[in-house]
Amino acid sequence: MKDRVVLSGDLEFLNLGELIQLIGSTGSSGVLRLISRFVDSPGLIYFHEGNPIDASNGPDRGLEVLYSFFGWKEGEFEFSTESFNVKRTIKKSRMQIILEGLKRLDDGQIDIKAGIGFDTVPNGPGAKKRKVPVIKGPMIDYMDVVAEEDFYEGQTIVAQGRHGTWMWVVLEGIVDICKEVGDELVPILKVGPGSFIGSMAAFAQQDEVRSATAIAAERVQLGVLDRQRLTHEYASLSSDFRNILLSLDKRLKQVTHQAAMLRLNHKLPREKLFDGKTPIIREGDTRTQLFSIKRGNAFIVKQMAGGDLLMCKLEKYDCVGTIPFVNIGHEPHSAAVFGTSDLQLKELDPDRVSEEYDRLSGTLRNMVDNCATFIGATTAVLSALHKKRMKK
Amino acid sequence: MAVFNINKREIECKIVYYGPGRGGKTTNLEYIFKAYKKQVKGEMVSIDTEGDRTLFFDFLPMDLGKIKGCDVRVQLFTVPGQVQYSSTRKLVLKGVDGVVFVADSMEVRREKNMLSLKDLQQNLKEYNLSIFKIPLVLQYNKRDLADEGIPIMPVEQMERDLNRQLKVPSFEASAINGKGVGQTLQACLRLTLQYLQKQLKWAN
């Protein structure tokens, strides 16, 4: 048999359970390769006449390895018909493997390799452990880590309102990202290994005021990032691309602020503002254009029963539309864009933007992805809070 | 959505047993597995999920004939009721061709039945399927409990509770001793195959 890829695609579209069923029902023999940004070596599953007979990931082999692949929720797959010489270590039927794998996944016994995983974390002293979503980043590039720092449970890593431009990547442990509103400290997200602390806006200026507070939820080890190298890389990017990064950062700050306000039961302003107006991008729009704002303001709005939710207010140099390389859970799929009457837009070339993204160093690309995951997760928190309030 | 396997000249379709926990879904499948041994292909897969078990096996219905010259192979599944098993539920319900809803006749389970049926409707909707269109039969299980003096609901009441709008075939059963199990399955198979045939004609 010749090596040839006969099927490939995205694990978010076709998950492992469906893939094993598909390969099973065609009775194919070959190797299924899984590639995840969150794991440093590809996962391999060997099929003989539609049945998995062995699996490997780095030096590990066997059924347990195959089960662990059910946690690879994001990534790519590739099935090739090729000959291989492996001993049969797996004897269970494929449906047994699929159902057992999914059950373990739902029972929380499998480590999820994706932007948002679930971890058991202590919920206050003596309290029962419970599962909460924890945002994890992709594999850490240690080339950009210049020092390591340890923090104890409860210790503040950065405080909102203070000045500082240091940036860290979480190496171990979980950090609470909180927002201070008045005297209250409002928890927004929990972030774990691979996530970044410190905003990309710090690349653009010498001085940065921290927009949120980060507190170690347990013993935490952080890697201090080589800010000089990263700032240098940032400076070498095109101005359009730099603006996209800053605009992402701005969206994150705004949705975080809105979520904190709602959590404290503060009213959000202008909820009915967009009734009857025509959006410039409708929610669910399938066009994939990306624009930069030249003049005026754009508003990112989630239209919900009982009242619109204003998520972001954007201005000159910010971008709206489909950002080709990340999904932040905003327009056009899940939000609409409204504009002031003086709004002027400039269309950006999505191919050029994508190319520039592909050329980023591992660390900077991870930061961008991580920021997008933060926006998506915070937006989900924000929408849920808004929905709850509308029900009242 | 049945799958055609051109090489094997086989149509693979999926029937799912749905219903409240401990209502008798697994008992139904266990009985079918034992009583129709000749039509069962391969082993029964049984996974212990919290509060319930998830079962699966392949079934080759004998007397139903072929569709367009292809044999029919049916995957029989139960689906775990607990909310947390969303991944399993998704895999099982994706592309489902027919549903058997197993309701519990015990009076104390009345509300559980109705909630579970509603839950089924919701879950099907997520895959763009309508409970009013999909081949569906109801089974009122545990009728034998009346003999033991356990209060059960009259069939008329269960019809009113569950089948007033659906108007689908319904069967009394006591799965523990096999009564009504075959009848329920046959009815669901017949409906499912009729539905598939209709879809195929339309496609032609």
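All values below were derived from every heavy atom in this structure, side-chain atoms included, with hydrogens, water molecules and symmetry-related copies excluded.
Judged by distance alone, the side chain of A/Lys103 and the main-chain N or O of B/Ile47 form no donor-acceptor pair under 3.5 Å.
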Give the intermediate values and the outcome of side chain to side chain contact (heavy atoms under 4.5 Å, CB included) for residues B/Tyr85 and A/Asp107. CA-CA 8 Å; B/Tyr85 293 111; A/Asp107 275 339; 2.8 Å; yes
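The contact between A/Leu105 and chain B is made entirely by side chain atoms (from C-beta outward), counting heavy-atom distances below 4.5 Å. Heavy atoms of A/Ser93 lying under 4.5 Å from chain B belong exclusively to its side chain. Only the side chain of B/Gln75 comes within contact range of chain A, judged by heavy atoms closer than 4.5 Å. For chain A, no part of B/Phe57 is nearby; none of its heavy atoms comes within less than 4.5 Å.
For CZ of A/Arg104, the number of neighbouring non-hydrogen atoms (other residues, nucleotides, ligands) closer than 6.0 Å is greater than 12. In the displayed structure, B/Ile176 atom CD1 is contacted under 6.0 Å by at most 12 heavy atoms of other residues, nucleotides or ligands. A 6.0 Å sphere centred on CD of B/Glu107 holds more than 12 heavy atoms belonging to other residues, nucleotides or ligands. Counted within 6.0 Å of NZ on A/Lys73, heavy atoms from surrounding residues, nucleotides or ligands total 12 or fewer; the atom is thus considered open.
In this structure, A/Met95 CE and B/Thr54 OG1 are separated by 12.0 Å, a value rounded to the nearest 0.5 Å. Rounded to the nearest 0.5 angstrom, B/Lys90 NZ and A/Asn15 CG are separated by 5.5 Å. Atom CG of A/Leu99 is separated from atom CG of B/Leu91 by 6.5 Å, given to the nearest 0.5 angstrom.
Nearest heavy atom pair, residue A/Gln96 against residue B/Ser46, reads NE2-O, 4.5 Å. Scanning all heavy atoms of the two residues, the minimum distance from B/Ser87 to A/Asp106 falls at OG-OD1, 2.7 Å.
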